[in-house]
Structure formats: C-alpha cells, structure tokens
Amino acid sequence: MNLNRWIDGLIPQNLLAQKESIRKARIVVFIHLFLIIMIGVLGIQSMFITEVPDIPVFVLIFFFVGFLLFFKYKGSFLISGNLIALTVAAFLGPQSLTTGGLFSDDLLWLILCPLIAFLIAGKRSGVLWGIFLLGFTAYLYSIELDPSTSLKEQVLTDDPKYLFVSLFILFFIMLSVILIYEQEKNSFIHLLKEQSARLLSQKNEIEQKNQDIDQAHQALLEVNTNLEQRINQRTSSLKKSNEKLLQSNQDLEQFAYVASHDLKEPLRMVGNFVQLLEEEYTEKLDEEGRSYIEFAVNGVKRMSVLIDDLLQFSRIGRKDITFKKVDVNLLVGEKLQNLQQVIKEKNVQIKIAPLPQAIICEKSQLGVVFYNLISNAIKFNDKKTPIIEVSCEEHEQDWHFSIKDNGIGISENNKEKIFEIFKRLHRKEDYEGTGIGLSLCRKIILRHKGKIWLDSTLEKGTTFYFTINKNLKNE
Amino acid sequence: MSNGHPIEILLIEDNEGDIILTKKAFERGKIMNNLSVARDGKEGLDYLFKRGKFENVSTPDLILLDLNMPEVSGQEVLQQIKATDELKSIPVVVLTTSNSDEDILRSYKLQASCYIKKPVDFKQFGEVIQTLQNYWFTVVKFPPRN
C-alpha cells in the first residue's frame, strides 16, 4: 500500500529491520500525523468560531512535525512517546484552566497523555502520566471546592453536542489504543508462538537427528570394538607365529652350526685313518684297493667343504654383525688379490668403475658377496678373454651394484633356482663348487636390507645386480 | 734342543683317534721327543700340577691342547695354565676341529701361542705337525728350564 510505504519512509532504518518494532513505529508515525491533522482541523474550526487564527494551534503543528523528524532520526520510543504526551499536556493543561477547569472538555482530552505514553513509551511512562492526570484532576477539584475560585463559569460552550462529539472521539481513540495494543500483543504472541513452534519442530528434528547419530555412533562403536578385538587377536596370533618362526629359525641355525661342528669330528677320523691305512698298508693293497681309498678320501674332503659352507651359511644369520664405513674400492681390490692366480690363468680382463668410497655395511660379509660373484663370473666363463665389469650407481635409498660378465649365461627357468642352498646347475666334473655361494650372497644381501637379481642371455653373459640399503643401523 | 735332551710334549686330547694320529705324525718327524698324553682336561691339569699318579713326570716344554673336551674344557685348562706362574711360560698350541672365528679369537685372547685347525687330510696333518716341530723345536728358543 502506498500509504504504508509513505509511513514507512518516516521510520528509522534500524526499527524497520525488526519485525516487532515496525508495527509500533508505524503507530508512532500515525499518531504524529493524526495529531497534526487533528490540531489542524481544530485550528481551522476555531478560526470559524472566533474568526481569529489560533496561533498556538499552528505552533503545535510545527512541534509535532519536529517530533516526527526527531523520531525519524533518533528512533527512540521512550523519548518520542513522552514528548508527545508532554506537548499535549502543556497545551491542554493550561487551556483547561481557562475553559472551565474540571468541567472543560480539554481535561477529557488530557487522557491522551497517559494513553500515548502507555502505547509508545511503555507501561511505566503510561502509569506516570496517569498519576499526573489524576493529580491534575484532584487539583482542579480542589479549586472547584471553593466557590470563589470556581472555574465552572469559564466553560465556553455548554453545547451538549460538542461534548458528545469530544466524548465520542475520545472513546474512539481509547478503543483504537486498546485494539492496537491487543493486536500488537496478539501479533507478538502469535509471532512468539510461531517461533516457538518452529523452534519446537527444529528441536524435535535435531533430537531425531541426534538419536540417529547416537545410533550410528553406537553401531560404529560396536564395529570398532569388534574390529579392535579382531585386530588384537590377529596381532597376538601373528606375534606368536612370529616368535615361533624366529625360534625355529634360531633353532635351525643353531642346529646347522652344531651339526657342522660335530659332523666334522667323525669325518676327520674317517678321512685321516683311510689315508693312514693307505700309507701304512700300501704294499698289501692292489691298484683297485688304492682307488677305493681315493674315492673315500675324495668323498670325505667334499663333505668337509660342504660342512664348512653350511657352517658359514648358518653363521651369517647367527652372528651379531656391526655395520661400519667401508671403502668398496679397497674391498674389491682385496678380493681380486685373492683371485689373482685364477685371473692370470684364465686371462681375465677386469674393469672396475669408480665405486663408493664410504658405504655402511658389514665388511667381511660384503667381501664374501663380491668374492662369490666375481669368482662365479670367472668360473662360469669359457671365452678366451673373460671380461668382468664391476660398477655402482647411487640411488636415493640404496646403492645398486652390478657385476657383468661375458660367460655361459643362465637360462630363464634357472634364474631363481640358483639362489637355493647347495643348488648346482652343472656336473661337478665341469664346474667345481658346492653351490653355496649365491645362497650365501642372498642371505648377506637380505641382512643389508637389499635384494639380488640378475639379467642373463645364454652364451652371451650374465649381469648380477644387488642393492645395499643406505640407512643401515646397528641394533 | 741342542743338548740332545728329548723335547717333552704333553698332548691333552680326549679323542683316541686324534691321539694315534698325533703320535704317528710325531713319529715321522725327525726330532727326538717324548710325547705324553692326558686323556681329558682334568687329567691334563693333574699332569701339569703333578698330582696323583703324575707325581714324578717332568714339566713339558710344549703343550698341545684340544679345545672340545667334556667336563674340563680346553679353554679352562688354558686359563689355569696362564694363571699359574710356573706354567704360564710354556707355549700352548691349540689343536682343534673348529674353524670358527670366535673359537680362534677366544684362544688367542687366552694367550694361546698359536692355533691350529686339524685337517681332514692326514697328509696335510702330517705336514702341520712337521711345521710345528720345525717351528717350535728348531726356530724358536724355549724359555730356559728352571
């Protein structure tokens, strides 16, 4: 509605934003406008009666326009309500003294003061203005008690119609005030009810959601507990089996160690006495007898080597090792020195790329790895000039070593087998050895947190690769 | 020993086979010697301390000691020898089957004069004993006898 929008234009912004205060602000503006119009009408009316313009009436209009603007910029209900009441009282109070006192219709109009104060400025102001009105009435009454000071004669008009109109307007105003107040209260209550209903439904919703969440949480907890129990069970069973494994591994290594120790004693007896027999009774034996003894002695020697290898293999796992800084160039040089004779015999060409000068490892074990891989490269080689290349690459986590030869090569299906203990691919007449070398190498590399593998082409050659972890720590 | 006095050797060894083999090997040597045998660690200590039936034996010039013996082990015998003033100057050669670094290291720590692994091959064993004889009886000067 246009009127509404026009009225809203006179309401301060901060009050427009609040739903409860818009209505009240509208009433304030409406009262201002109503009073301005009313006073205007009364002024014009009085002009017709007295034919002289009633100046205070127009001053009042200016006052109210001022108040309206004050409200527009200040937006205070308390001040605006009391200002209106005060103006009305200031205008009507003195006027009632000149228009008949207790019998003046202006006194009736003074009821506007507590009404306006009550409606706009609040209950407390309304009551205060009510007390003021009662006091003023009592004052007028006290004047009336003394006939000499009675103001009764000053009543301008005794026209009952005029009184009736005044009473009717007052009644109408009071009714409006009560209606507005009720409506506001109701609308406020309604608003509150609505909000509380909304809150209630929201609360219910939240409670429902909470319940759902609780249930889900409960279910989750159960699942969690179950899971935890299962994990604990698994962990403990894993722990047990790990302990068992460790124990059996230790047992096995201990067994291998003891067995190889104790096996050697009787073996030595057999070997030595068979030889002693050969030496001391050589005339009594024929050629065949001596060849039997040779077989026996050879068997004993081979077994002795096997036992030594087994002993060495078991000791790799059994011994506590200490990792230290090692210059690999020196280590490989040492190992080549040990192989000097065979290198010369087979005319081997060895190319060694610069190797790391300081890696953390167990020196003697890494030496075993180089010795075995290099001696294998020489052994399994039928070229006129065997060529062996040793090199190393530095990676982020480990060192990658490679030992390349141009030897007989290893077929695809044997690439894994060769790492098994005592596994041999050739007849011992062709290539000697027990077959422990590579399994020993793998065990050592594993202790260095590395891996060993190979690339090979038959007749062309083999390259062995192995890695040594860079972050080895002594336990 | 230039004065022709036979070398006194004590072999402390529990294995009958090794005793025979050692005796045979020494017999083949060119140097005159008296090889006495104690058949376990306890007997060895009795011999060295001249207890019981060993009251009249002479103190050996060289001791050959086996490490793996029941009851009193070779290590214990070695410890006792080195802890006794009259005996600690006698060279002790440890003879054993064991090839392990730990056994070797332990023997040297106990002040064994040298450590010899018994070979599987008798010919080799003979050579070892021969070398031993050459070394101890011709090259090395023994501590003077009291």
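Here is the naming used below: chain letters follow the sequence lines, and residue numbers restart at 1 for every chain.
- For Glu280(A), the CD atom sits in a packed shell: over 12 heavy atoms of surrounding residues, nucleotides or ligands are nearer than 6.0 Å.
- Under a cut-off of 6.0 angstrom, the local environment of OH in Tyr281(A) is sparse, with at most 12 non-hydrogen atoms contributed by other residues, nucleotides or ligands.
- More than 12 heavy atoms of other shown residues, nucleotides or ligands fall within 6.0 angstrom of atom CD in Gln340(A).
- In Lys50(B), the NZ atom is crowded: over 12 heavy atoms of neighbouring residues, nucleotides or ligands sit closer than 6.0 Å.
- Within a 6.0 Å sphere centred on CZ of Phe49(B), other residues, nucleotides and ligands contribute more than 12 heavy atoms.
- Atoms CE and CZ, from Met269(A) and Phe122(B) in turn, are 10.5 Å apart once rounded to the nearest 0.5 Å.
- Within a 6.0 Å sphere centred on NZ of Lys82(B), other residues, nucleotides and ligands contribute more than 12 heavy atoms.
- Within residues 11-23 of chain B, the residues that have a heavy atom under 4.5 Å from a heavy atom of chain A are Asn15(B), Gly17(B), Asp18(B), Ile20(B), Leu21(B), listed by number.
- Within a 6.0 Å sphere centred on NZ of Lys363(A), heavy atoms belonging to other residues, nucleotides or ligands number 12 at most.
- Look at Glu279(A) and Lys24(B) and you find no salt bridge, because none of the NZ, NE, NH1 or NH2 atoms lies under 4.0 Å from a carboxylate O.
- One finds the CD atom of Gln124(B) at 8.5 Å from the CD atom of Gln275(A) (value rounded to the nearest 0.5 Å).
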